2 protein chains.
Amino acid sequence: MAKDNSRTTMGDVAARAGVSQMTVSRVLNKSGKTSQTVRDRVQKAASELGYVHNRLATGLRMRFSPLVAVVLPTLGNRVFPEVLNGVNDALSEAGLRAVFGVSEYDDAQEEALVRDLLSWQPRGILLPGLEHSAATRAAIAGAVSASGTRVVEVMDIDGDPISVAVGVAQAEAGREMARHLLARGHRRIAYLGAQGDRDRRAAKRLEGFAEALRAGGGRLIVSRVSEGPSSLAEGRQMTADLLSTTKPHAIYYSNDDLAAGGLMHCLANGIDVPGQVALAGFNGLDIADALPLRLTTTRTPRYQIGFQAGRILAGDDAGAQMASVSGPRVIDLGSELVAGDTT
Amino acid sequence: MAKDNSRTTMGDVAARAGVSQMTVSRVLNKSGKTSQTVRDRVQKAASELGYVHNRLATGLRMRFSPLVAVVLPTLGNRVFPEVLNGVNDALSEAGLRAVFGVSEYDDAQEEALVRDLLSWQPRGILLPGLEHSAATRAAIAGAVSASGTRVVEVMDIDGDPISVAVGVAQAEAGREMARHLLARGHRRIAYLGAQGDRDRRAAKRLEGFAEALRAGGGRLIVSRVSEGPSSLAEGRQMTADLLSTTKPHAIYYSNDDLAAGGLMHCLANGIDVPGQVALAGFNGLDIADALPLRLTTTRTPRYQIGFQAGRILAGDDAGAQMASVSGPRVIDLGSELVAGDTT
DNA sequence: AGAGCATATGTTTACGTAAACATAGGTCAA
DNA sequence: TTGACCTATGTTTACGTAAACATATGCTCT
């Protein structure tokens, strides 16, 4: 069992093994030269005492902790747990850990969060999107110049990254979907989104979408964005409201949750899809494929975005080297329009 | 901007403000007495230098870090991000942060993960479920006796917690669903699950379910559990396979993802639900409510479980006091059977 | 056999912070 | 006027680790 009260240190292990603390450090970190005899004795003493490495001390002694800061806009959307999963897998491979926080799509909260996370002296920080307040940028710039903190921005590549951006082209995804809907003969189109004007990536998609729509002779007849988070229920409700007053040829949703909710409304109310109204989402969640009608959507490599970002943050990625040498860098992981049964 | 190269410390701030490092500490932590003059000078110097508090040093100096370890079985299931969200909110209120890891429903991985997370000297650790390997228990016991680490196990309350368990009664939820299906006249019932035999909570539900089913004159005619993670697609596939050879009156799924997938199969293939086959899930995900037919399921308070666990781990919860005084303690947050349109 | 050197281990120190203890200067009562 | 007592600040130290430097032991080569 463990010691009476205070935690077991390398010193305790050293005493029991009859060596110096430094030798214990060498054995446990497999650094430097140690003899087999000493190694065995130290290992034995360590396990007998239930020694637990203290990473706080290591992190303090070394120039940075094996922590990476991860800022997420929300956990309420399937997308970000998937990104987080990718990040976590990449970090785990490198023996690092994530400390994360949620900004709720709010710049002020993001700012406070970034400051807080930086106090853990993370080796790197991951941020959603390319838009951040001046104060956030300043805080990050400070960490970068003081400790060489790595910075990766994920999801969006439409803009200037602080250092490296990993994601997909948002406006182009919107344009692509507009062209698809036009090709299917839809002209009068409605847009439904969520998170107010705080979801900048959705805004960029809409911008590209509207532009290509006009260019192709279509028209965005309505655009409604709810304030709250997106969900199936919200999508269903918004769709019901919309269709009660308007008859668009198609509805473009800011994501698959909303779109799937819209499809549910149509299925439950005998509205023919895509005959009476076509539906298109974004993200390519697995729900899009499992619905009675396969949802037309844009598939994004969320896990891969997280994983790649994690690799760069961990520093064992060639891309990271290049980034530091050649300045801001963009990694486009590509999205793919999946034409389903709903358009 | 920040200093040339090494990070700014309290000493640097102190030098610029013309006071001692300790005074800076007192001002920034609002501890001890300081004069308004000095406070202002220190604040000014700190912000001019872009000083960032070093929590690694604080954590080392104090007896534990403001970190809490969180073990999740997976991020691939809606349920756990929701729990994590609750934990994170509770911890944020208390100025704490979560370091998390994913065990993939695997005891050996959980063990390694727990060891790793404990090296951050967390104030507390959160674990999924009540079943853990002997080595995991030993590692935790060591941390508890050495540093008074708090331990909270979540989701399940059917068993003996290490210290505090926050969750719902799994077996009883299974029994309740069996009674519901029997009351609706279903007798020959199939069970479909995922994650092999590693999801212990699902196993407990099935046990209670089977028991109450027998007691009420029903019969569990098939029980199939896939090895991989649960998903809509998997549920759809498993349901298709099952119905191609068997005609149960009802299918009980280990969770709503699978159940929703099953419902999709039925909707897409014109199978009358619940006429030809009834479907029931577990968790009460929002998808259950948004489908064309509302899915019968058992609603669980996932965010609340996380939040409550977070409060206890943060230590600002009366329940935590009681727990330490009166030994193991169980907090039942209650589940609720929601009869939908599918049974 | 002695110089030279590799190998294994020990000693000192610093990382940044905050508790514990120390002290200068002022206030106030008798 | 003196000393007892605050109040605001400074000094020392320890938290647990690992880099840098120091040393002892034995081995190789001529």
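The structure displayed is predicted, hence computed values, not measured ones. Below, chains carry the letters A, B, ... as their sequence lines are ordered, and counting in each starts from 1. Note that these values count all heavy atoms, side chains included, but never hydrogens, waters or copies made by symmetry.
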Side-chain donor-acceptor pair under 3.5 Å between A:Arg39 and A:Gln36, yes or no? yes

B:Met155 vs B:Val79 side-chain heavy atoms within contact, under 4.5 Å: yes

What residues form a side-chain contact (heavy atoms from CB on, under 4.5 Å) with A:Leu117, not counting sequence neighbours? A:Ala69, A:Val71, A:Val99, A:Leu113, B:Arg97

Starting at CD of A:Glu110, measure out to CZ of A:Arg198 and round the result to the nearest 0.5 Å. 13.0 Å

Per-nucleotide protein contact string for nucleotides 7-16 of chain D, where B marks a base within reach and S marks sugar-phosphate only (heavy atoms under 4.0 Å, - for neither): -SBBB--BBB

A:Arg55 CZ to D:dT17 P, in whole Å, measures 12 Å

Quick one: side chains of residues 81-91 of chain B, donor-acceptor pairs under 3.5 Å with protein atoms, not counting sequence neighbours, listed by atom name and distance.
residue	atom	partner	partner atom	Å
B:Glu82	OE1	B:Arg302	NE	2.8
B:Glu82	OE1	B:Arg302	NH2	3.0
B:Asp89	OD2	B:Tyr303	OH	2.4

